[in-house]
Novice: 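Quick one: the structure is below, and I'll ask about it shortly.
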Amino acid sequence: MRVATYNVNSIRIRLHCLDQLVQDGQPDVICLQETKVTDDAFPYDHAAQLGYPHVAVRGEKSYNGVAILSRHPFEAEERWSWWGQGDSRHLKVTFRDAFELHCFYVPSGGPDPDPEKNPKFAHKLGFLDEMTAWARDARLSGRKVAILGDFNGAPLENDVWNHKKIKRQVGHTPLESEKMATLLDAGGFVDVGRRFVPPEQFLFTWWGYRHPQSFQKNYGWRLDHVWVTPPLADHLQHHQVLSHARAWERPSDHVPVLVDLK
DNA sequence: ATGGTTGTCTCACAA
């Protein structure tokens, strides 16, 4: 089974990118973030025509929003509220006799890495703490669980194009990296990207819009992650970042990440 | 310290 995660930055203006992802990557399951659409206006027909009749959505107007498209049926669908917010940042589906899959859109955290001054950063830290408490309480490590999505954090030095320049910026601060490491440990997760690409090498999934030619200059960050528990890690076969998606017409600032599980 | 760009029932705000 090939699983993809992709922050589309609005699903409705990115349908051509979804088409291209299906053509190039042939994923069985596609987890989307920042769909920016209410559930009633989600392009279900487009997904069905692409071969994904099974769809779980959790959206809201203009902001956030997650969805899971699947070629195969899933048994259950759950939406949990995190950090006391009703926002659309998490979906869980379960594939019978296979694994459970959690799609996350972690808060971006705003511009200032000071939780006293910046409530968005406080929200992000609280969200990560709550994910950690869940991962610990749920005793995941004996089960087949995958959590993936836009974690809005690049925890390792080579998860950004210039660690020294970026280490005080939201998304790559030592505090966030520490919290992500604690979450990884609490769930006993394997970081799939770094299972396949050693930490000595750059690995990016996001190139910002703001810097001109950020992709051509490779000013990238690794914000999108796939983490799996050890019983599921035994089934890992392949990992690929579809970097060329950043050069598609009218692209998202993120690119898809693909993982194959036997 | 600032600005750069993209998207949204746009002229403000989030990323």
Side-chain angles (χ1 to χ4, degrees), chain A residues 5-21 31-43 46 57-67 82-90 103-128 148-155 159-162 164-173 175-176 179-180 204-225 243-257:
Chain A
T5 178
Y6 186 25
N7 179 322
V8 281
N9 186 14
S10 168
I11 185 63
R12 285 178 294 180
I13 63 153
R14 224 66 79 187
L15 289 175
H16 63 290
C17 295
L18 190 63
D19 296 347
Q20 202 64 50
L21 166 59
C31 298
L32 301 170
Q33 301 87 34
E34 282 206 88
T35 53
K36 297 189 175 181
V37 67
T38 51
D39 294 354
D40 60 303
F42 192 88
H46 194 98
V57 294
R58 180 174 183 181
E60 63 188 81
K61 195 174 84 170
S62 302
Y63 303 114
N64 309 324
V66 286
W82 294 82
W83 195 237
Q85 312 280 311
D87 52 7
S88 312
R89 299 182 178 277
H90 170 258
C103 175
F104 278 101
Y105 174 51
V106 174
S108 170
D112 185 356
D114 181 348
E116 303 287 319
K117 294 187 208 150
N118 174 12
K120 288 184 183 142
F121 195 67
H123 179 204
K124 181 180 200 173
L125 299 179
F127 196 100
L128 289 170
L148 56 70
D150 178 3
F151 292 2
N152 261 313
D159 289 343
V160 295
W161 64 277
N162 187 332
K164 276 195 171 178
K165 188 193 279 284
I166 293 169
K167 65 187 178 192
R168 289 173 207 86
Q169 293 182 33
V170 171
H172 189 59
T173 62
L175 179 57
E176 291 165 88
K179 285 196 181 293
M180 287 181 73
F204 307 143
T205 67
W206 176 88
W207 292 262
Y209 289 128
R210 296 184 198 185
H211 200 293
Q213 297 194 305
S214 68
F215 184 56
Q216 289 79 1
K217 293 178 174 173
N218 203 23
Y219 292 170
W221 297 42
R222 184 169 72 117
L223 299 179
D224 303 274
H225 301 265
S243 306
H244 71 274
R246 190 59 180 80
W248 287 342
E249 192 182 334
R250 237 163 140 55
S252 170
D253 42 357
H254 297 252
V255 299
V257 180

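Labels below follow one simple rule: chain letters A, B, ... track the order of the sequence lines, proteins then strands, and each chain is numbered from 1. When reading the values below, keep in mind they use all heavy atoms of this one structure, side chains included, and skip hydrogens, waters and symmetry mates.
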Novice: Between the protein and nucleotides 2-6 of chain B, list every N/O to N/O distance that falls short of 3.5 Å.
Specialist:
| unit_1 | atom_1 | unit_2 | atom_2 | d |
| --- | --- | --- | --- | --- |
| B/dG4 | N1 | A/R210 | NH1 | 3.4 |
| B/dT5 | O4' | A/Y209 | O | 3.0 |

Novice: Can you establish whether the number of heavy atoms outside A/K165 located under 6.0 Å from its atom NZ is more than 12?
Specialist: no
Novice: Are A/V255 and A/W248 close enough that some pair of their side-chain heavy atoms sits under 4.5 Å apart?
Specialist: no
Novice: Expressed as a whole number of angstroms, how long is the span from A/Y105:OH to B/dA15:C1'?
Specialist: 6 Å
Novice: Taking CG from A/D253 and C1' from B/dG7, how many angstroms apart are they, rounded to a whole number?
Specialist: 10 Å
Novice: Looking at every strand, decide which applies to A/Y219 at a 4.0 Å heavy-atom threshold: base, sugar-phosphate, or nothing.
Specialist: nothing
Novice: Can you check whether A/K61 has a side-chain N or O nearer than 4.0 Å to OP1 or OP2 of B/dC9?
Specialist: no
Novice: Send over the distance from A/D112 CG to B/dA15 P, rounded to a whole Å.
Specialist: 14 Å
Novice: Find the distance A/N152:CG to B/dA15:C1' and express it as a whole number of Å.
Specialist: 8 Å
Novice: Please report, rounded to the nearest Å, how far the C1' atom of B/dA15 is from the CZ atom of A/F121.
Specialist: 15 Å
Novice: Just how far, in rounded Å, is P of B/dG7 from NE2 of A/H16?
Specialist: 9 Å
Novice: Checking A/C103 against A/R58 for the side chain to side chain contact (heavy atoms under 4.5 Å, CB included) test, could you report, in this order, the C-alpha distance in whole Å, the side-chain angles of both residues, the deciding distance, and whether it holds?
Specialist: CA-CA 10 Å; A/C103 175; A/R58 180 174 183 181; over 6 Å; no
Novice: How long is the line joining CG of A/N7 and P of B/dG7, in whole Å?
Specialist: 12 Å
Novice: B/dA1 and B/dA15: how far apart are their P atoms, nearest whole angstrom?
Specialist: 23 Å
